[in-house]
Amino acid sequence: MKSRQLVFALVFLVSGFLLTFSYQQTKSTAEISQVNNQEWERDFYYRKQLIDMEEKNKQLRSELTQIRQEVQAIEQEIGEEADVLKDLVATKSNLQKLTGELSISGDGIMVTLKDASFIPAEDHANQYIVHDRHIHQTVNELFSAGAKAIAINGQRIYRNSYISCVGPVISIDGNSYPAPFVITAIGDQEVLDVSLNLRNGIIDQLVQDNIEVTIDKKSNIEMYAKDM
């Protein structure tokens with residue numbers, strides 16, 4: 001009887017141990033599984049965050065590239081507008097110099113017209129002096145040859161200036177000047193000189209009219225702006 005009880009006790013003890021071990025093993029496995037699930041969820045969360053961040057960075061890089069292209073286009077447009085504005089300012093300045101609103105300086109030539117130094121007794125003195133038509137012919141030839149500005153005896157003239165004879169003097173826009181008449185012109189020296197000395201040109205005509213003519217090349221001729 002005691003042996004049977006001992007066997008039963010031993011069986012119950014072993015069964016209890018097995019049940020306890022199985023429970024502990026199941027509990028440990030569940031806890032490990034729970035920990036693994038938590039780690040997987042955490043890894044999945046971080047991976048998703050990383051993917052979202054990479055996608056956001058990609059989008060930002062694309063936007064940054066587009067913005068840089070827009071800025072570059074704006075800078076190029078501003079540069080082109082600045083060049084256009086610079087050209088317009090330069091053109092305006094040149095026009096103001098040509099119209100006399102601004103002073104102008106440069107190389108050019110000086111043409112001096114003098115009355116004849118010798119007048120034959122049998123001829124009339126009027127045939128040996130400089131007339132307004134001689135001034136007009138010389139000025140027109142210089143303008144035609146590309147002169148940028150012209151002055152007579154220091155007075156700057158314009159395309160609408162009025163030149164006329166008043167006795168022995170020349171009147172330019174109401175101001176009188178006696179001979180000799182010094183005509184200065186700013187422009188290409190070679191072109192102006194060649195234009196005046198063309199065969200049967202203005203110089204030949206002046207000489208035929210008994211006018212003494214000299215031409216000199218001058219540097220840094222300056223003509224002031226007209227009073228507004």
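This structure is a prediction, so every number in the text was calculated from the model and none was measured. The first residue of the sequence shown is numbered 1, and numbering continues consecutively from there. Computed from heavy atoms alone, side chains included, the values below leave out hydrogens, waters and symmetry copies.
A 4.5 Å side-chain heavy-atom check between N153 and N175 finds every atom pair outside the cut-off.
R199 is linked by a side chain to side chain contact (heavy atoms under 4.5 Å, CB included) to nothing, counting only residues two or more places apart in sequence or in another chain. For T112, the side chain to side chain contact (heavy atoms under 4.5 Å, CB included) partners at least two apart in sequence or on another chain are M110, K114, P180, V182, T214. Contacts of E190 classified as side chain to side chain contact (heavy atoms under 4.5 Å, CB included), with partners at least two apart in sequence or in another chain: D188, K217. Checked against salt bridge (charged side-chain N to carboxylate O under 4.0 Å, His left out), E55 has no partners two or more places apart in sequence or in another chain. Here K218 pairs with nothing under the salt bridge (charged side-chain N to carboxylate O under 4.0 Å, His left out) rule; sequence neighbours left out. Every residue two or more places apart in sequence or in another chain that forms a side chain to side chain contact (heavy atoms under 4.5 Å, CB included) with Q59 is listed here: K56, E63. Shown here are the salt bridge (charged side-chain N to carboxylate O under 4.0 Å, His left out) partners of D193, two or more places apart in sequence or in another chain: there are none. For E212, the side chain to side chain donor-acceptor pair (under 3.5 Å) test picks out S117, with sequence neighbours left out.
Cluster membership check: L142 shares its hydrophobic cluster with F181, using side-chain heavy-atom separations under 4.5 Å among Ile, Leu, Val, Met, Phe, Trp and Tyr. Each of I221 and V139 belongs to its own hydrophobic cluster when Ile, Leu, Val, Met, Phe, Trp and Tyr are linked at side-chain heavy-atom distances under 4.5 angstrom. Transitive grouping of hydrophobic side chains (ILVMFWY, heavy atoms separated by less than 4.5 Å) keeps Y158 and V111 in distinct clusters.
Here T138 contributes atom OG1 and L113 contributes atom CG; the two are 4.5 Å apart, rounded to the nearest 0.5 Å. Interatomic distance, CE of M223 versus OG of S103, reported as 11.0 Å (0.5 Å rounding). To the nearest 0.5 angstrom, I109 atom CD1 is 9.5 Å from D216 atom CG.
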Exercise for the section: Show your reasoning for whether side chain to side chain contact (heavy atoms under 4.5 Å, CB included) applies to I152 and Y177. Expected result: CA-CA 9 Å; I152 301 175; Y177 300 94; 5.6 Å; no
Practice task
Apply the test side chain to side chain contact (heavy atoms under 4.5 Å, CB included) to residues L196 and V213: give CA-CA distance (whole Å), side-chain angles for both, the deciding distance (0.1 Å), then the verdict.
Solution key: CA-CA 11 Å; L196 292 175; V213 184; over 6 Å; no
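The shortest non-hydrogen separation linking I150 to A185 is CG1-CB, 4.0 Å. Of all heavy-atom pairs spanning D115 and A179, the tightest one is OD2-CB, 3.7 Å. Taking all atoms of both residues into account, the shortest heavy-atom contact from A145 to L192 is CB-CD2, 3.7 Å.
Membership of an apolar cluster is not assigned to M53, as no side-chain contact below 4.5 Å to another ILVMFWY residue is traced. V194 belongs to a hydrophobic cluster whose other members, connected by ILVMFWY side-chain contacts under 4.5 Å either directly or through intermediates, are L198.
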Name the atoms and distances for all side-chain donor-acceptor pairs under 3.5 Å in residues 163-173, with sequence neighbours left out.
| unit_1 | atom_1 | unit_2 | atom_2 | d |
| --- | --- | --- | --- | --- |
| D173 | OD1 | Y162 | N | 2.7 |
| D173 | OD2 | S161 | OG | 3.1 |

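Sorted by first and then second residue, the ring pair (Phe, Tyr, Trp, His ring centres under 6.0 Å) pairs with a member in residues 132-155 read H131-H134; sequence neighbours excluded.
For the residue pair S195/E141, the side-chain donor-acceptor check at 3.5 Å is satisfied.
For N220 (side chain) and G106 (main-chain N/O), no donor-acceptor pair under 3.5 Å exists by modelled atom type.
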